Each structure stands twice: as structure tokens, then as C-alpha cells.
Amino acid sequence: MTTGFGKGCHLHLIDGSAFIFRAYHALPPLTRKSDGLPIGAVSGFCNMLQRYVDGDHGPDAPTHLAVIFDKGSHTFRNDMYDLYKANREAMPEDLRPQIPLTRQATEAFNIACKELEGYEADDIIATLACQARQAGGRVTIVSSDKDLMQLVGDGVEMLDAMKNKRIDREGVFEKFGVYPERVVDVQALAGDSVDNVPGAPGIGIKTAALLINEFGDLETLLDRAEEIKQPKRRETLIEKRDQIELSKRLVQLDCETPLDFTLDDLELRDPDPDKLMEFLAEMEFRTLTKRIADKLGVEPPVIADTPAPAADEPQAEDIPFDASKYECVRDAATLRKWIDQAYERGWLAVDTETTGLNEMIADLVGISLCIEPGAACYVPLTHRDGASDDLFGSDALAEGQMPLDEALQMLKPVLKDPSILKIGQNMKYDAKIFARYGVDVTPIDDTMLMSYAMHAGEHGHGMDTLSERYLGHTPIPIKPLLGSGKSAITFDKVPIDEATAYAAEDADITLRLWKLFKPQLHRAQVTTVYETLERPLVPVLAEMEMHGIKVDRDVLSRMSNAFAQKMAGLEAEIHELAGETFNVGSPAQLGEILFDKMSLEGGKKGKTGKYSTGADVLEDLATEHELPRRVLDWRQLSKLKSTYTDALQTHINPDSGRVHTSYAITGANTGRLASTDPNLQNIPVRTEEGRRIREAFIAEPGNVLVSLDYSQIELRILAHIADIPALKQAFADGLDIHAMTASEMFDVPLDEMTPEIRRKAKAINFGVIYGISGFGLARNLRIPRAEAQGFIDRYFERFPGIRRYMDDTIAFAKEHGYVQTLFGRKIHTTEINAKGPHAGFARRAAINAPIQGTAADVIRRAMVRMPEAIDGLPAKMLLQVHDELLFEVAEDAVEKTIEIARDVMENAPDPAVKLDVKLTVDAGKGANWAEAH
DNA sequence: GACATCACG
DNA sequence: GACGTACGTGATGTCC
């Protein structure tokens with residue numbers, strides 16, 4: 001007979017949710033072999049439980065133990081404040097089914113497993129901790145959740161199991177600046193963005209602690225708020241009193257939750273080997289089952305090594321592709337039949353055929369649909385009659401097509417019906433085409449983006465690649481249908497029967513890919529990435545691209561003329577200096593002139609046997625000779641003219657007078673966008689002459705361009721990911737980060753910093769992001785390699801976290817074949833285990849990818865939220881340049897737009913990721929892009 | 001179509 | 001000890 005919980009007893013309370021989330025994020029996406037059930041978090045959870053129970057806790061060993069879970073999402077706090085935890089992101093879809101399994105796991109280990117409807121786990125923990133304390137026992141709360149810190153003291157401590165660090169009263173004081181009994185007061189003032197506790201605006205933990213320590217407690221502070229000297233603070237406290245008091249009630253844990261068990265029920269129990277083995281075997285945890293069986297001295301059960309059985313539906317590849325089965329839809333009744341099938345299923349694969357690749361110009365020619373593998377059709381709409389070749393007949397509509405308007409009127413309701421999922425491959429293209437005909441397409445799924453979320457870095461995501469790779473089928477090529485070169489025709493000239501075979505197949509392939517990919521997203525644990533970072537970007541980018549940016553043709557045209565004149569002058573001088581005429585634009589001819597004819601030093605032949613005449617080579621030669629300098633100047637002008645001032649003019653849309661770029665969502669492996677036709681992400685800015693091209697990018701009368709860009713976002717992310725305290729502090733203090741690095745590296749006080757020393761530090765900071773090498777840094781800084789290596793060694797010495805980050809990242813990549821961003825984006829590193837020079841590239845790319853990719857994720861999140869945030873304002877988001885967003889805004893709404901857009905950008909990681917470093921955004925405005933930037 | 005070059009973050 | 005090396009893109013012109 002037990003004597004009951006009391007003195008000498010030690011209750012350990014594990015925060016179940018914390019264990020689950022840590023397990024989920026720490027482990028690769030494991031699935032149960034027999035049926036593909038996601039199981040990674042359960043596996044991690046079991047390992048953590050087992051390690052905890054078996055761990056050596058010394059004098060803190062538990063006599064009583066329980067794992068406490070949350071139950072349901074609605075608690076009594078929601079009744080007080082309906083926005084409580086309202087901005088929490090939905091649970092990842094592959095985690096949801098694992099939650100009940102973690103309860104089962106806890107019970108299988110014979111550990112008490114407790115939860116209570118309407119209460120958070122924290123309240124149960126609070127109640128138990130109070131009871132245990134009153135009974136004279138000790139308590140260890142296994143969690144690092146700061147909301148629980150109010151419970152610490154008088155025999156209650158917290159344990160951060162990850163860091164194996166115990167937190168006592170002093171630990172709480174370190175975190176909050178007050179002792180546990182005043183923690184809720186500080187929290188009430190500071191609020192909590194994660195849980196959406198409002199608090200007092202503008203007051204953080206530091207200020208809150210200061211105030212509480214001055215006045216003793218929250219009530220006194222609020223009663224005597226008039227005495228506060230700072231006017232803003234004083235007013236906030238007086239005006240927001242209700243909100244602050246509500247916040248206190250929200251963070252105050254309930255010590256009197258109605259529990260239907262007692263402390264004695266939590267007494268530590270040995271597991272029942274049979275039950276535990278049964279559970280572990282059912283989960284198919286081979287290693288863990290064996291390890292625990294050994295420990296318990298029992299025979300491990302046999303876990304069958306069966307592959308996943310075939311899905312109940314026939315596999316996509318079981319149904320052969322057969323073009324003769326595709327239907328050509330020529331009348332409303334037939335189209336209706338297909339639409340009805342979409343309503344039966346709830347989905348519809350869609351593909352458009354048009355007269356060209358430019359969505360702003362191309363006209364709709366036909367639409368293909370697919371419902372199930374093999375069941376696809378093509379609706380020809382504006383095919384031209386190629387049969388009669390006379391001058392007038394060739395433009396006539398071909399026979400046997402539905403009127404375009406009629407077909408669109410029938411399809412319009414389906415395409416915008418929220419209950420019908422529209423499936424496409426590169427849906428941004430089709431959505432833009434449809435938008436020009438007044439048809440919205442939503443909601444969507446996109447197989448290209450699904451592939452990107454799962455396989456970035458492994459292969460491309462075009463339909464041909466995906467079809468061959470995942471369906472084992474080579475699609476009908478478009479080339480023979482359209483021809484090439486001068487005799488190429490547009491799709492409207494393709495005979496309808498051939499068009500049907502081609503177009504319907506595309507929809508068929510898309511649907512088959514979707515059926516294959518959809519369940520795989522969960523298994524690869526990229527559902528959240530796909531649903532928050534890829535798919536929602538489609539309408540946002542489509543909108544930006546269709547809106548375009550106004551470009552002043554005359555400005556460009558005048559610059560082109562000026563450049564042509566200058567180039568002609570330079571060309572004459574170059575020929576004069578060379579003693580002969582040659583094509584200055586030919587690196588091969590220039591190389592021969594420089595290194596053979598003039599016999600200059602430093603001629604190095606590349607792998608194609610030609611001299612290298614890159615800017616760095618010419619720059620070196622320019623100190624001694626005139627010709628290379630002239631060539632450099634000529635090249636700069638040539639570049640500006642051909643790529644920018646000439647080419648941009650051809651991209652001005654005659655209807656809109658604006659330039660409409662196209663963003664490739666899957667263009668860069670890291671998550672960055674890529675801009676094409678034209679590329680508006682590389683408009684010159686670094687030289688004065690080039691920057692003037694930005695003067696041609698203008699706003700409509702009455703509007704201005706507004707540019708907002710993240711300041712040093714990659715270095716901030718590096719500071720967070722690699723956990724570099726000095727770097728974090730420097731950002732927190734708002735220091736010049738390169739100067740600070742220089743000061744740290746070269747022992748130069750900040751007030752004695754020279755531009756030259758700072759420049760070196762800047763190069764090193766960037767080098768780190770790029771996966772630094774002594775050689776690369778030496779070349780960049782034009783210093784001896786040994787010296788560069790010395791810098792790097794010193795950098796690692798001063799910031800040891802960097803080395804650790806690099807080593808850990810490479811090790812992770814080698815083990816898993818990919819690296820991840822903070823938001824879960826995976827970037828595959830296929831060459832990481834290769835031999836030879838490939839490996840070096842792969843390693844540097846692996847180091848860079850999480851940093852560049854996280855920054856890309858951040859701005860993607862900002863972009864996705866932006867339209868709603870600026871809704872109602874006379875402001876449009878026009879362009880994205882990696883860390884910059886450019887807006888066109890009515891003059892009188894500039895300040896408001898900046899305020900809102902900056903807020904969205906700076907808080908873009910919330911609530912998914914809490915960065916240790918604040919993100920800051922610089923803003924500019926002006927009549928043109930040169931002024932705004 | 002490959003290659004070299006150079007524009008951007 | 002030698003090998004090659006900063007990360008991520010797109011557009012243009014030359015030359016085969």
C-alpha cells in the first residue's frame with residue numbers, strides 16, 4: 001500500500017505537444033512501410049519518451065510521471081477572447097494523423113497520459129504542479145514554453161530536455177527580468193504574437209519588467225499609470241487597460257482545472273512488455289523495437305517486410321495512353337457532359353491551347369479537360385481553316401467548333417466554383433489566359449509546383465520531364481505540329497484532329513501526375529511548403545505580371561542613341577590602338593589582339609583554347625594599357641544598349657504601354673523566383689550610367705513608385721540559423737554589420753574603421769553565405785591566397801557557430817540528399833556525395849541554399865499576404881527583385897502603403913518561424929525606379 | 001546550341 | 001598532396 005504523493009516524491013510532467021512538434025521537425029518524413037502512413041513524428045516521440053524514461057536524472061529522478069496533451073482547439077480562453085491563438089497556422093497535414101498515435105504510444109509505454117476538453121495542457125500542468133507543491137513534493141516540468149515559467153519556484157522547476165538545462169527561479173528571472181510570481185504581469189504587458197495575446201502595444205518584455213519592478217505589480221502599475229514619465233507609455237497603459245487586463249487573464253494558468261484523477265494515479269509504472277512490443281511492431285519501428293526488446297529482456301516480435309500493397313484504385317500506369325479515346329467536343333451538350341463529370345468528382349484537369357507563349361498577347365485556341373486517367377477531351381474554339389489556301393479563306397474559323405463565348409459561359413461557373421478543384425501544369429499561364437477572357441480560375445492545384453516542392457534540385461518540372469519520369473510516357477511533341485523557323489505556324493492553324501490528340505493528352509498527363517503527386521506531398525512533408533509558399537503565389541504573380549510596369553520608350557530610345565554614339569567613338573579608338581579593325585564584341589578576336597599581336601602578359605587560355613578576356617582580366621591589363629580600358633567601357637555600353645535600352649523597348653506592350661515580365665516560380669532551386677521576357681530582376685543599379693536606365697521605369701501621373709527592400713536579410717538569417725550571438729547582437733543594436741565584423745576580425749575599434757577594412761569584412765561576410773573558400777576570397781579581394789585563408793580561419797575562430805553550421809549542413813545533406821530552409825522547403829543536393837570537383841560545388845550550394853532559400857521563403861510569405869493587406873488602398877505590387885518589392889501608389893497613399901507593406905514584410909516569418917533577429921525593411925519613393933530605390 | 005560575358009540579388 | 005572553387009539567376013552576341 002502506497003502512502004500517497006508527498007514529501008520525497010518527484011513528479012515529472014512532460015508537455016506532450018512540445019515533444020510531438022520537436023519530433024516532427026527533427027526527423028525526415030518517415031512512413032509506415034506497409035501502407036505509407038506518416039509516422040516520423042510518432043517515431044521521434046517514442047525515441048524521446050524512451051530516452052527520457054531511461055535517462056539518468058540523478059537526484060531529480062521521477063517517482064511520478066505523466067505526459068500532458070492539449071485537447072481540441074477551443075478552450076475557455078477562446079470564450080474570453082475569440083482571437084486567442086487565431087493566427088496559428090494549421091497543423092501540417094501529415095502530422096494530424098500522428099497525434100492520436102502519440103497518445104497510444106504514451107499508453108503503450110504505460111505512462112499516464114492526460115488531457116481535458118476545454119483546457120490547454122498548460123492548465124493541467126499548472127493544476128498538478130500546485131497540487132504536488134501543496135503535498136510537499138517536487139515537480140519537474142519538461143518544456144521550454146515560457147508560458148509555464150509562472151509556475152516555477154518552491155520545489156517546481158522546468159527542464160529544457162533539448163538542452164538538458166534546468167530552469168529555476170533565477171532562470172526565469174534571466175528570461176523575464178522578474179521572478180515567477182510576476183511573470184504573468186510581464187506577459188500581460190508584453191503580449192505574445194505567437195498566441196495572439198495583445199498586451200500593451202509598443203511594450204516588450206524588457207520594458208514590461210522595468211515597469212513591474214518599479215511599481216511592484218500590474219494592478220499597482222495600472223492604478224498609478226499617471227505617474228509614468230514617458231508620455232507614450234503612460235497613454236498606452238491608461239488607454240489599453242482593458243486589453244492588458246484581458247491579456248493577463250489569457251496568460252494566467254488555471255490551477256484548479258477539474259481533474260478526474262489524483263497525483264497517486266501518476267506513479268511511475270513499469271511498461272507491460274507485451275503491450276509495448278505490440279504497439280511498436282504495429283508502427284513497424286524496427287530499430288526501436290529491437291532496442292527496447294533487448295532492454296526488457298524479451299524476444300522482439302517479427303515485423304514483416306512487406307512493401308505497400310497496391311492502392312485500391314488502379315495505378316495510373318495501368319491505364320495506357322490512347323489518343324484515339326480522346327473526345328473532340330464540338331457542341332454544348334457534349335461539353336455539358338464533361339462539366340457534369342467534374343461536379344461528380346470535385347476536380348477537373350484543365351489546359352489551354354493558344355497562339356503563343358506570351359500570355360499577354362496569345363489568343364485562346366482551345367481548352368482540354370480531363371476527369372480520370374484516359375478520360376480527356378479537347379474543345380477546339382478558334383482553329384482556322386488551313387484547308388483553303390486562298391488569301392481570304394485562310395483566316396476563316398474552321399467548321400465544327402463551339403462559339404468561343406458559349407464555351408466560356410459554360411465553363412466559367414465551374415472554373416470559379418470553390419467546390420471544384422482545377423488541376424493544371426503551370427496554372428499561372430492558363431489563369432492569365434482565362435483572365436483576359438474574364439474568367440477566374442480558383443481553387444487550383446498545380447502539378448509543376450507539386451513537383452517543385454518535392455523535387456527541387458533533382459530535375460526540372462516541365463510536363464515532358466515529369467511525364468517521362470513519373471508516368472513512363474513520352475508526350476506527343478509539339479514541334480512536328482507547329483514546325484520551326486520561318487515556316488512555323490501557330491496552334492490555331494493545326495488541324496483539329498491532330499490538336500485533339502496533342503491537347504487532350506496534356507490534360508490527361510496533368511491529371512495522372514496530380515493523382516500520383518497528391519498523396520506524395522504528405523509523405524515528403526512538403527504539404528505546408530506547397531500550400532503556403534508555392535500555390536498561393538500563382539494568383540499573386542499573375543496579378544503582378546498582368547499589371548506590368550510603365551516604361552517610357554522615349555527615355556530608352558534617347559539613351560540608345562547616346563550609347564550608339566559613344567560606342568562608335570570608342571570603337572574607332574580601339575581599332576586605332578590595335579592597329580587594325582576587328583569585331584570588338586568578339587572575345588576570340590580581342591584575345592588574339594591583346595595576347596598574340598600586342599603580346600601582353602596574363603593571357604590564359606580556357607578549356608576551349610581561347611584566351612579569357614573577362615572584365616577581371618581586362619581590369620588588370622588596364623593599369624598598364626589604354627586599349628583594355630576602352631574595351632571595358634565599350635562592353636559596358638554594349639551591354640546596356642543591347643540588353644536594356646534596345647531590348648526593353650521591344651517588350652513594351654502596345655495595348656498597355658507597360659512591360660509585363662513573367663516570373664518562374666520553379667525557376668531557381670532555392671525558392672527564389674526567376675524573371676524572364678524580359679528579366680526585370682537584373683536592371684542595372686551598381687554603376688551610375690547603368691542606374692539611369694531605371695529612370696525609364698515610371699509611375700502613372702498622380703502616382704509614384706515605392707520600393708521596399710529587406711536590409712541584409714541573408715546575413716540576418718545566417719545569424720539566426722548558425723546561431724551567432726555577436727552577429728545577432730549587432731543586428732539588435734542596429735550596427736553596421738560589415739563594420740562590426742571588421743572590428744571583430746581585425747581588432748579595429750568602430751570609430752577608427754576605414755572603408756578598406758570594412759570592404760574586406762564585407763567580402764568575407766558574403767563569402768560565408770556562399771560557402772567560402774580561401775581561393776574564392778583571395779580572387780575576390782585580389783589578395784594572396786594565404787592571407788585570404790588567414791581571414792577565414794580568424795572568422796571561424798571569432799564566430800565558431802559558422803563552422804558548426806557549415807559542417808552540420810554538409811553532414812545533413814550527405815545523409816539525406818537535401819537541405820532545408822527554416823520553413824521546411826527542401827532543396828536536393830544530388831551531387832553532394834559525388835567525387836571530384838562536383839562535390840565542391842555541391843557543398844557550397846548546400847551551405848548557401850538554406851540561407852538564400854529562407855530569405856526567398858520570407859519574401860514569398862510577404863507577397864502572399866500583401867494583396868489582402870493593401871486591399872482598398874490605391875496601390876499595386878508590381879515587381880519582386882529577391883529582397884525588394886516595388887509598388888505603384890497614388891501620391892496621397894504613399895505613407896500608408898509603406899507602413900502597411902513594411903509591416904507585412906518585417907513580420908512575414910510569423911507565426912511559422914520566430915527569428916532571433918529582427919527583419920528590417922528600408923523604403924524609398926520617387927517618380928521613377930532610380931529615385932525610389 | 002555551346003560558350004563567354006555581364007547585368008542583378 | 002592535388003584538384004578546382006565563391007551562391008543563385010537570364011539575355012546577348014559570337015562562332016560553329
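Keep in mind that this is a model prediction, so the values were computed, not measured. Proteins come first, then strands; the chains are lettered A, B, ... in the order of their sequence lines, and each starts at number 1.
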Check whether any side-chain N or O of A/R672 sits under 4.0 Å from OP1 or OP2 of C/dG8, and answer yes or no.
->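 So the side-chain polar atoms of A/R672 never come under 4.0 Å of the phosphate oxygens OP1 or OP2 of C/dG8.
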Distance in angstrom units between [X] [atom1] and [N] [atom2], rounded:
X      : N     : atom1 : atom2 : result
A/R860 : C/dG8 : CZ    : C1'   : 13 Å
A/I810 : C/dA6 : CD1   : P     : 16 Å
A/I827 : C/dT9 : CD1   : P     : 11 Å
A/M806 : C/dC7 : CE    : C1'   : 11 Å
A/D616 : C/dT5 : CG    : C1'   : 14 Å

Answer with yes or no whether the side chains of A/N561 and A/Q565 bring together a donor and an acceptor at under 3.5 Å.
->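 Distance-only check fails for A/Q565 and A/N561.
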Hey, is the main chain of [Y] close enough, under 3.5 Å, to the side chain of [X] for a donor-acceptor pair?
X      : Y      : value
A/S707 : A/L886 : no
A/Y710 : A/H882 : no
A/K597 : A/A578 : yes
A/Q649 : A/T645 : yes
A/Y452 : A/A668 : yes
A/H461 : A/H459 : yes
A/Q589 : A/N583 : yes
A/Q681 : A/Q880 : yes

Should the pair A/R629-A/E626 be classified as a salt bridge under the 4.0 Å nitrogen-to-oxygen rule?
->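 Between A/E626 and A/R629 there is no salt bridge, as every charged N stays at least 4.0 Å from the carboxylate O atoms.
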Short N-O contact, A/E458 and A/K826, less than 4.0 angstrom = no
What residues 878-885 of chain A contributes to the DNA chain B interface at heavy-atom separation below 4.0 Å is A/V881, A/H882, A/D883
Map every base of DNA chain C to its dot-bracket character, where paired means a Watson-Crick or G-U wobble contact with both distances under 3.5 Å and | marks a partner outside the strand.
-> ......|||||||||.
The single option from A/R716, A/Q712, A/R902 passing side chain to side chain donor-acceptor pair (under 3.5 Å) against A/T920 |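 Answer after filtering A/R716, A/Q712, A/R902: A/R716.
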Give the ring-plane orientation class for A/Y611 versus A/F595, where under 30° counts as parallel, over 60° as perpendicular and anything between as tilted.
-> tilted
Listed in order of residue number, which residues of [range] have a non-hydrogen atom at under 4.0 Å from DNA chain C?
range                       : result
residues 756-771 of chain A : A/A763, A/G767, A/Y770
residues 593-602 of chain A : none
residues 847-859 of chain A : A/N848, A/Q852

When we call it a touch if two heavy atoms are under 4.0 Å apart, what does [X] touch: a base, just sugar-phosphate, or nothing?
X      : value
A/L640 : nothing
A/R686 : base
A/N669 : sugar-phosphate
A/R691 : nothing

Hey, where on DNA chain B does chain A first and last touch, going 5' to 3'? Cut-off is any atom under 4.0 Å from a heavy atom.
-> B/dC3 to B/dG9
Partners meeting salt bridge (Lys or Arg N to Asp or Glu O under 4.0 Å) with A/R758 (sequence neighbours left out) = A/D736
A/R804: salt bridge (Lys or Arg N to Asp or Glu O under 4.0 Å) partners, not counting sequence neighbours |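 By the salt bridge (Lys or Arg N to Asp or Glu O under 4.0 Å) rule, A/R804 matches no residue at all.
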ring-ring contact (aromatic ring centres under 6.0 Å, His included) partners for A/F799, two or more places apart |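 A/F799 satisfies ring-ring contact (aromatic ring centres under 6.0 Å, His included) with A/Y795 once adjacent residues are dropped.
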With A/H738 via ring-ring contact (aromatic ring centres under 6.0 Å, His included) - residues at least two apart =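 Testing A/H738 for ring-ring contact (aromatic ring centres under 6.0 Å, His included), a comparison that skips the adjacent residues, returns A/F766.
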Tell me, for nucleotides 10-16 of chain C in 5' to 3' order, what letter each nucleotide earns: B for a base near a protein heavy atom under 4.0 Å, S for only sugar-phosphate near one, - for neither?
-> BBSSSS-
Around A/E601, counting heavy atoms of other residues, nucleotides and ligands shown, do more than 12 lie under 6.0 Å from its CD?
-> no
5' priority, DNA chain C, between A/G774 and A/A845 [closest heavy atom] =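 Result: A/G774.
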Which pairs with one or both residues in residues 771-784 of chain A pass side chain to side chain donor-acceptor pair (under 3.5 Å), sequence neighbours excluded?
-> A/D620-A/R782
